[in-house]
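Just below is one structure, and these are the notes that go with it.
Because the structure is predicted, anything quoted here is derived from the model rather than measured. Residue numbers start at 1 and run along the sequence shown. Hydrogens, waters and symmetry mates play no part in the numbers below; they use all other heavy atoms, side chains included.
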Amino acid sequence: QVQLLESGGGLVQAGGSLRLSCAASDRTFSTYAMAWFRQAPGKEREFVAAINWTGGNTYYTGSVKGRFTISRDNAKNTMYLQMNSLRPEDTAVYYCAGRKYSAYSLTAYEYNYWGQGTQVTVSS
């Protein structure tokens, strides 16, 4: 069973940038569709971005399009989320998620594997 470990969260001022990483323990990482979700206090977990096996196909929720970039390095078993022009409303715990031998999904329950989350706080 793959283990996912996020890192890179922190406190940043509005307009700043952060880069999240998600390291996978499975050497077959290239067979996983991956995604980022986030959950703010008192809110449901929401989809942020997804990427297919090769990294050639990505999808973003509207509120982050043009500001966030999802990518992956299969040789390093790692996925990334570059977050620019951060806003206070981006404050949340960010989770990476994976599903093996499947296309990516925008729905959290369709992912089998989850990291523990990393806190992102954007101050105004």
Partners passing side-chain hydrogen bond (donor to acceptor under 3.5 Å, both in side chains) against Asp90 (at least two apart in sequence or in another chain):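 Partners of Asp90 by the side-chain hydrogen bond (donor to acceptor under 3.5 Å, both in side chains) criterion, ordered by chain and then number, come out as Arg38, Arg67.
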Using the test side-chain hydrogen bond (donor to acceptor under 3.5 Å, both in side chains), find all partners of Thr121 that sit at least two apart in sequence or belong to another chain.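 In terms of side-chain hydrogen bond (donor to acceptor under 3.5 Å, both in side chains), with neighbours along the sequence ignored, Thr121 is linked to Gln119.
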How is the hydrophobic cluster of Trp53 composed, in terms of its other members, when Ile, Leu, Val, Met, Phe, Trp and Tyr link through side-chain heavy atoms under 4.5 Å apart, directly or indirectly?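 Taking Ile, Leu, Val, Met, Phe, Trp and Tyr as members, Trp53 shares its hydrophobic cluster with Tyr101.
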How close do Val12 and Leu18 get, heavy atom to heavy atom, and via which atoms?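 Answer, listing the atom of Val12 first, then Leu18: CG1-CD1, 4.0 Å.
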Go through Val48 and Tyr60 one step at a time and tell me if the side chain to side chain contact (heavy atoms under 4.5 Å, CB included) criterion holds. CA-CA 6 Å; Val48 176; Tyr60 300 89; 6.0 Å; no
What is the distance from atom [atom1] of [X] to atom [atom2] of [Y], rounded to the nearest 0.5 Å?
X: Asn57; Y: Ile51; atom1: CG; atom2: CD1; answer: 8.5 Å
X: Tyr113; Y: Lys100; atom1: OH; atom2: NZ; answer: 7.5 Å
X: Arg19; Y: Ser7; atom1: CZ; atom2: OG; answer: 9.5 Å

So is Arg99 actually on top of Tyr32's ring, under 6.0 Å and inside 45° of the axis?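 Relative to the ring axis of Tyr32, which defines the angle, Arg99 lies outside at least one limit.
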Residue pairs involving residues 54-65 (criterion salt bridge (charged side-chain N to carboxylate O under 4.0 Å, His left out); sequence neighbours excluded):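 Counting only pairs at least two positions apart or across chains, no salt bridge (charged side-chain N to carboxylate O under 4.0 Å, His left out) contact touches residues 54-65.
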Are [X] and [Y] packed together at the side-chain level, in the sense that at least one heavy-atom pair is separated by less than 4.5 angstrom?
X: Tyr59; Y: Phe47; result: yes
X: Gln116; Y: Leu4; result: no
X: Thr91; Y: Val120; result: no

Under the criterion side chain to side chain contact (heavy atoms under 4.5 Å, CB included), I'd like the reasoning laid out for Val93 against Arg45: C-alpha separation, chi angles, the key distance, then a yes or no. CA-CA 9 Å; Val93 177; Arg45 191 168 299 189; over 6 Å; no
Which residue pairs satisfy the disulfide (SG to SG under 2.5 Å) criterion with at least one member in residues 73-124, sequence neighbours excluded?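 Every disulfide (SG to SG under 2.5 Å) pair that includes a residue of residues 73-124, provided the two are not neighbours, is Cys22-Cys96.
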Which atom pairs, donor and acceptor, lie under 3.5 Å between side-chain atoms of residues 79-87 and protein residues at least two apart or in another chain?
residue	atom	partner	partner atom	Å
Gln82	NE2	Asn84	OD1	2.9
Asn84	OD1	Ser17	OG	2.9

Can you check ring pair (Phe, Tyr, Trp, His ring centres under 6.0 Å) on Phe37 and Trp114, steps first, answer last? CA-CA 10 Å; Phe37 288 79; Trp114 291 84; 5.1 Å; yes
Met34/Tyr104 under side chain to side chain contact (heavy atoms under 4.5 Å, CB included): CA gap, chis, key distance, verdict: CA-CA 6 Å; Met34 299 294 296; Tyr104 65 67; over 6 Å; no
